[in-house]
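Below is one structure, written out as structure tokens; comments come after it.
Just so it is clear, the values below take in all heavy atoms, side chains as well, and ignore hydrogens, waters and symmetry mates.
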Amino acid sequence: MHYLCTTDSNQRIHADTERLKSIRKSRHLTQREVADLLHIRQQVYSKYECGKLELPIRHLVSLAKYYGVSSDRLLGLPNSRDEEMLNLPFAGDLSLREVLHGLTGLSEHDRFLVFYLLKPDECPKLSC
């Protein structure tokens, strides 16, 4: 794991390169689109994703805001609050982590039903 480097006046940081790529792809964005957002060349952004260049903190902040995630998430750092919540008892002897893990085997429709049961006001009407 790489942490903040303060060897020069332009503070840079090694981001979790796989996470950068994964989040970008999950948003169906190209490297060029992200580079345009950061006002840099695509080749430079590609070097961030490959770990060949350290990501300037200003770009880390911009990406975190754009993606709506914490900078810790982009850096691959654990979020202790999330970990605590996942380990809390949820249903009987099961933790929230165990319950969520069980949902991965459900079909998309069944996952939608579970979400609907948990947050009915946030879901569109069911169409069965």
Side-chain angles (χ1 to χ4, degrees):
M1 182 63 53
H2 298 281
Y3 295 99
L4 182 63
C5 299
T6 58
T7 56
D8 64 352
S9 60
N10 288 327
Q11 290 185 325
R12 297 175 180 271
I13 197 159
H14 266 292
D16 181 329
T17 57
E18 284 303 312
R19 193 170 308 264
L20 276 180
K21 186 176 185 177
S22 173
I23 291 174
R24 174 181 59 78
K25 286 187 169 197
S26 74
R27 307 296 201 279
H28 306 288
L29 297 168
T30 65
Q31 286 185 345
R32 177 170 303 283
E33 290 168 322
V34 176
D36 289 346
L37 168 80
L38 299 174
H39 306 290
I40 59 175
R41 294 188 332 258
Q42 181 270 329
Q43 294 86 347
V44 172
Y45 182 77
S46 176
K47 289 179 181 179
Y48 295 152
E49 277 193 4
C50 294
K52 292 179 181 177
L53 275 180
E54 293 177 330
L55 186 68
I57 291 177
R58 69 181 184 279
H59 291 334
L60 174 70
V61 171
S62 295
L63 290 173
K65 286 180 181 177
Y66 182 75
Y67 291 140
V69 300
S70 70
S71 57
D72 282 356
R73 179 157 159 72
L74 289 176
L75 296 172
L77 299 174
N79 183 329
S80 60
R81 184 170 179 265
D82 289 349
E83 285 297 316
E84 287 175 21
M85 289 183 66
L86 287 172
N87 292 321
L88 289 175
F90 184 76
D93 292 334
L94 296 176
S95 69
L96 180 57
R97 179 187 308 277
E98 293 166 319
V99 171
L100 292 173
H101 181 70
L103 295 177
T104 59
L106 296 178
S107 69
E108 184 177 348
H109 182 264
D110 289 346
R111 284 193 308 271
F112 178 82
L113 289 173
V114 170
F115 186 75
Y116 180 78
L117 290 171
L118 294 173
K119 295 195 170 205
D121 296 337
E122 295 181 25
C123 284
K125 295 296 180 203
L126 281 175
S127 57
C128 297

> Should L20 and L63 be marked as a side-chain contact (heavy atoms from CB on, under 4.5 Å) after you check the CA-CA gap, both sets of side-chain angles, and the distance that decides it?
Replying inline: CA-CA 9 Å; L20 276 180; L63 290 173; 3.9 Å; yes
> Can you list the residues that meet the side chain to side chain contact (heavy atoms under 4.5 Å, CB included) rule with V61, with sequence neighbours excluded?
Replying inline: I57, K65
>> I need the D72 CG to R19 CZ distance, nearest 0.5 Å.
In response: 10.0 Å
>> Check whether S26 reaches the backbone of I23 with its side chain - one donor and one acceptor, N or O, closer than 3.5 Å.
In response: yes
> Which heavy atom in S70 sits nearest to a heavy atom in A64, and how many Å separate them?
Replying inline: C-CB, 4.1 Å
>> How close do T17 and Y48 get, counting heavy atoms only, and between which atoms?
In response: CG2-O, 3.4 Å
>> Just verifying a value: how many Å separate R41 CZ and S46 OG, rounded to the nearest 0.5 Å?
In response: 11.5 Å
Kindly list each side-chain donor-acceptor pair under 3.5 angstrom involving residues 27-38, sequence neighbours excluded, with atom names and distances?
unit_1 : atom_1 : unit_2 : atom_2 : d
R27    : NH2    : Y67    : O      : 2.7
T30    : OG1    : R32    : N      : 3.4
T30    : OG1    : E33    : N      : 3.0
T30    : OG1    : E33    : OE1    : 3.4
Q31    : OE1    : Q42    : NE2    : 2.5
Q31    : NE2    : E49    : OE1    : 2.9
E33    : OE1    : T30    : N      : 2.7

>> What's the separation between atom CZ in R58 and atom NE2 in H39, rounded to the nearest 0.5 Å?
In response: 11.0 Å
>> Nearest 0.5 Å, please: how far is CG in L55 from OH in Y45?
In response: 8.0 Å
